[in-house]
There are 2 protein chains.
Amino acid sequence: MNIGEIARRAGVSRSTVSYALSGKRPVSDDTRRKIQQVIDELGYRPNASARALANGRTNAIGLVFPPAGNHYTGMQLDFIGSVVEAAAAYDYDVLLSPSGVDSDHSFQRLLGERRVDGAILMEIRLEDDRVAHLADLGFPSVAIGRTAHPEGGWWVGLDHTGLAAACVHHLADLGHTRVAFVNRPEQLLRAGYESAHRGLDGFTKAAAERSLTVRTYCCGDDAASGQECLERVLHDDPATTALVTLNEAALGGLYRGLAQAGRHVPRDFSVTGVVASRWAETVTPQLTAADVPAAEMGRRAVDLLVERLDHPEASPRHHLLAPPISLRASTGPAGTGTTP
Amino acid sequence: MNIGEIARRAGVSRSTVSYALSGKRPVSDDTRRKIQQVIDELGYRPNASARALANGRTNAIGLVFPPAGNHYTGMQLDFIGSVVEAAAAYDYDVLLSPSGVDSDHSFQRLLGERRVDGAILMEIRLEDDRVAHLADLGFPSVAIGRTAHPEGGWWVGLDHTGLAAACVHHLADLGHTRVAFVNRPEQLLRAGYESAHRGLDGFTKAAAERSLTVRTYCCGDDAASGQECLERVLHDDPATTALVTLNEAALGGLYRGLAQAGRHVPRDFSVTGVVASRWAETVTPQLTAADVPAAEMGRRAVDLLVERLDHPEASPRHHLLAPPISLRASTGPAGTGTTP
DNA sequence: ACGGGGCATCGAACCGGTTCGACCAAGGAG
DNA sequence: CTCCTTGGTCGAACCGGTTCGATGCCCCGT
């Protein structure tokens, strides 16, 4: 069951078995065959802990994903799936860590106890102590998202500012003048979540450029909050004819609120935002949105991390993605702007 | 940085440090304090690989989740989240493995290379070679779902048969007589997925009991497939007035198909099924459904696994859950049964 | 005064790999 | 015919913990 047993049965030394397996030194064809045969017979696989101890690499990466509020969003699911898949292609295992902050128990385990060779961080904040901490330590990591000071870092990010602005311009081009912005929960905005801040910025600036009348809202990550938020929107300004949202989980609730207020989408009211395509397509009418390329981002994050692990001295790299808006069926020309 | 360094600085032997940390032998208060002080100063944490090598436990569990088709469903997300959280409470890390079958590369790594102490299996099939394989090996594992021969196994399952039957009875009580069943993709049904089979069984038997006219369909795990499937339903039998579904991901598409066919839910058409509440609430009208208690199932699976790890000789245990149907807004009395 | 028991500590072996230096035999160059 | 390389193999040390057996010491009972 261990390398000594294999060596004994093959009539060679333990080091020879090791070299036969790793190929780091030449081994004659005869002995290699003999060893391989014994290994196949016994179904031997080298112990991962022992190997990790000996050569200092665990062949595992950590995926740090703090829960957004108290449950996970669909986008996180997409990230997790693509990261696991990409990592598997490089023969890396993925360890999940539900860590919130730098002082977090599970975060410490991953790093301090050397369970992983590198980490991928999700749900980045503009001032993120995890990112700062890892940078100080020189610990190999890649962020999905970027902080306020992204220079010299490894990350793959989304141009939330540009994307939100694109949504505004799309609506302004259609003649909308009174537009609402539905953001992630207030708690996340206050915590400094990148997407919430940059999205809000992009929205506000573009709206000013186009001289739109706007109101901005925070909204819980669930359908009930979405519905309640939409009621607030129409209560505050019944003449609102369109909204932009970053809040995937609230989308169904927003639609329900519109239906109950008797606003038909897209005839009376236009909806757009930044949402992964697979969720944009579950609502009716399908959402015109900037599709978050979650699968691609996860894959690229792994590519970057592996590159960093293989070349410790490589200089920092990043990818900033700005997917175009996919026209579906939830936006249309502005109507009268009052009750239908 | 390692235990020898701590020992040196504290002026004791390595074993004393180890005992001070583990408490497995008495250590005087003086030395314990001294050791603790050095540890705090240096921020020392014991190396996980070394520890795992020495005592044969990695303190990690594997979560084996084959992708359903080519992407992940919302329910899988809920399982992953709850498993990670529950495992963290027991100080276990979670390793994700996208393994499909027994011969899978990543599955072999997890088990063969002893990366984990135990495993939680998702997406169980009636005849599941992974479950059989692990049972043969005596490897500690817990299944989320149950095979055709669940006796003597460790699992937490859902009574899909009973749940689907409950949906049928609910619809029959409302006077529906022509009902469709929308299952998971055909590929999964053919592969023997438990939920697809048991759900179909429960539906069929209950429908026979109540003398309903039924048709059953398989449907891809996405909105477009749902829409297309609903068109097939109404094409095959326009007099259909209700459907039962297990397919969470297709739900949005089913609703869209109904809207485009001019069927109002629940006035002209009732929809129900087995779906996690958080997804049932995103559609409008909200889905009357048997709520899959994904969070509870994940937690219980971890509880069971930890129990099994702590007491290797414990006799097998399981939980079979049968949540009641939550009445929301998507079902109503049968109407005329023809076009509105 | 002496023996025994418990406490605190130490040294060494071990877990299962990897890797370095040494060794020997065979082959090629001078 | 040497000498030097190179290919193939081995033994030993090492990675960083845990654990067992031994030892020294102090205190107590008799």
Just list the side-chain donor-acceptor pairs under 3.5 Å for residues 17-25 of chain B, sequence neighbours left out, or say none.
from    : atom 1 : to      : atom 2 : distance (Å)
B:Ser22 : OG     : B:Ser18 : O      : 3.2
B:Ser22 : OG     : B:Lys24 : N      : 3.3

Side-chain heavy atoms of A:Leu304 within contact of A:Val302, under 4.5 Å: no

task: Kindly state which residues belonging to residues 26-37 of chain A come within less than 4.0 angstrom of DNA chain D, counting heavy atoms of the residue only, listed by number.
output: A:Pro26, A:Val27, A:Ser28, A:Thr31

query: Hey, are the side chains of B:Leu121 and B:Leu134 touching, using non-hydrogen atoms and a 4.5 Å cut-off?
result: yes

- request: Between A:Asn55 and B:Ser22, just flag the one whose closest nucleotide in DNA chain D comes earlier from the 5' side.
  value: A:Asn55

field: Value rounded to 0.5 Å, distance of OG in B:Ser195 from CG in B:Leu188
entry: 8.0 Å

A:Leu53 CG to C:dC14 C1', straight-line distance once rounded to whole Å: 12 Å

- prompt: Looking at DNA chain D, which of residues 40-48 of chain B put a heavy atom within less than 4.0 Å of it?
  reply: B:Tyr44, B:Pro46, B:Asn47

message: From CD1 of B:Ile3 over to C1' of D:dG16, roughly how many Å is that when rounded to an integer?
response: 8 Å

task: For A:His318, enumerate each residue passing the ring-ring contact (aromatic ring centres under 6.0 Å, His included) test, keeping only those at least two apart in sequence or located in another chain.
output: A:Trp155

field: Protein-nucleotide distance (A:Ile39, atom CD1; C:dG17, atom C1'), rounded to Å
entry: 13 Å

message: Restricting to salt bridge (charged side-chain N to carboxylate O under 4.0 Å, His left out), what partner residues turn up for A:Arg14, sequence neighbours left out?
response: none

- prompt: Are a donor atom and an acceptor atom from the side chains of A:Gln108 and A:Glu113 found within less than 3.5 Å of each other?
  reply: no

With sequence neighbours excluded, residues passing salt bridge (charged side-chain N to carboxylate O under 4.0 Å, His left out) with B:Arg51: none

task: Round to a whole Å and report the spacing from CZ of B:Arg57 to P of D:dG16.
output: 24 Å

query: Quick one: is A:Lys24 getting a side-chain N or O under 4.0 Å of the C:dT18 phosphate, OP1 or OP2?
result: no

message: Assuming nearest nucleotide by heavy-atom distance, tell me which of B:Ala54 and A:Val17 is located more 5' along DNA chain C.
response: B:Ala54

Below 4.0 Å: OP1/OP2 of D:dG16 and any side-chain N or O of B:Arg51: no

- prompt: Atom CG of A:Leu21 to atom P of C:dT19: distance rounded to whole Å?
  reply: 12 Å

task: Toss me the dot-bracket line for DNA chain D: Watson-Crick and G-U wobble, both under 3.5 Å, 5' to 3', using | for pairs to another strand and [ ] for crossers.
output: ||||||||||||||||||||||||||||||

query: Does a donor on one side chain and an acceptor on the other come within less than 3.5 Å for A:Asp303 and A:Tyr90?
result: yes

- prompt: Going by the side-chain hydrogen bond (donor to acceptor under 3.5 Å, both in side chains) test, which pairs reach into residues 134-149 of chain B, not counting sequence neighbours?
  reply: B:Glu127-B:His149

Partners meeting side chain to side chain donor-acceptor pair (under 3.5 Å) with A:Asn47 (sequence neighbours left out): none

Can you pull every protein N or O that's under 3.5 Å from an N or O on nucleotides 10-13 of chain C?
from   : atom 1 : to      : atom 2 : distance (Å)
C:dC10 : OP2    : B:Ser13 : N      : 2.8
C:dC10 : OP2    : B:Ser13 : OG     : 3.1
C:dC10 : OP2    : B:Thr16 : OG1    : 2.6
C:dG11 : O6     : B:Ser15 : OG     : 3.2

message: B:Asp40: which residues meet the side-chain contact (heavy atoms from CB on, under 4.5 Å) condition with it, sequence neighbours left out?
response: B:Gln36

- request: Please indicate whether B:Arg114 has more than 12 foreign heavy atoms, meaning atoms of other residues, nucleotides or ligands, lying under 6.0 Å from its CZ.
  value: no

task: Output all residues satisfying ring-ring contact (aromatic ring centres under 6.0 Å, His included) with A:Trp154, sequence neighbours left out; order by chain, then residue number.
output: none

